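Down below is the structure, laid out as structure tokens.
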Amino acid sequence: QVQLVESGGGLVQTGASLRLSCAASERTFANYAMAWFRQAPGKEREFVARLSRRSFATDYADSVKGRFTISRDNAKNTVYLQMNSLKSEDTAVYYCAAATIWTTERYEYDYWGQGTQVTVSS
């Protein structure tokens, strides 16, 4: 059982930056592909970014491409999401997730964190 705990959310203004962190409980963290999803009020949870086990591959939603960067430190069992040039439409609860396969489909992720709120005010 992998436990994931996100941190780093907050209230920022348009154009600001935030870095989210997600700490995993397991030393087997390196066995999982990791991803970030987000869910805005009244909307479905959507894919934001994913990263392969050894960081060889990344993938981003079109809406965040060029502004967000996903990375991981397997020695620290942590995945990050650097968010730059934030927009009001980035406001959502952000979740990290772990999967044993390479996928953008949220139903195929095995473990989820509790989420961290990001609010971008204009």
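Along the sequence shown, residues carry numbers from 1. Since we're looking at a predicted model, the values are computed, not measured.
- Sorted by first and then second residue, the salt bridge (Lys or Arg N to Asp or Glu O under 4.0 Å) pairs with a member in residues 99-122 read Glu44-Arg106; sequence neighbours excluded.
- The hydrophobic side chain of Tyr80 is isolated, with no ILVMFWY side chain under 4.5 Å apart from it.
- The closest donor-acceptor contact from the side chain of Thr78 to the backbone of Lys76 lies under 3.5 Å.
- Under the salt bridge (Lys or Arg N to Asp or Glu O under 4.0 Å) criterion, the residue pairs touching residues 45-58 are Arg38-Glu46, Arg50-Asp59, with sequence neighbours excluded.
- Sorted by first and then second residue, the disulfide bond (SG atoms under 2.5 Å apart) pairs involving residues 90-122 (not counting sequence neighbours) are Cys22-Cys96.
- With Glu6 contributing its side chain and Gln114 its backbone, the two residues share a donor-acceptor pair below 3.5 Å.
- Identified under the salt bridge (Lys or Arg N to Asp or Glu O under 4.0 Å) test for residues 60-74, with sequence neighbours left out: Asp62-Lys65, Arg67-Asp90.
- For the ring pair (Phe, Tyr, Trp, His ring centres under 6.0 Å) condition, no pair includes a residue of residues 2-23, sequence neighbours left out.
- With sequence neighbours left out, the side chain to side chain donor-acceptor pair (under 3.5 Å) criterion links Ser55 to no other residue.
- Residues passing the side chain to side chain donor-acceptor pair (under 3.5 Å) test with Gln3: none are found, sequence neighbours excluded.
- The backbone N or O of Ser121 lies less than 3.5 Å from a partner atom in the side chain of Thr14, making a donor-acceptor pair.
- Applying the ring pair (Phe, Tyr, Trp, His ring centres under 6.0 Å) test to residues at least two apart or on different chains, the pairs with a partner in residues 96-122 are Tyr32-Tyr111, Phe37-Tyr109, Phe37-Trp112.
- Applying the side chain to side chain contact (heavy atoms under 4.5 Å, CB included) rule to Glu89 yields the partners Lys87; only residues at least two apart in sequence or on another chain are considered.
- A search for side chain to side chain contact (heavy atoms under 4.5 Å, CB included) contacts involving Asn31 returns Thr28, not counting sequence neighbours.
- Cluster note: Ile101 groups with no other residue, as no ILVMFWY side-chain heavy atom lies under 4.5 Å from it.
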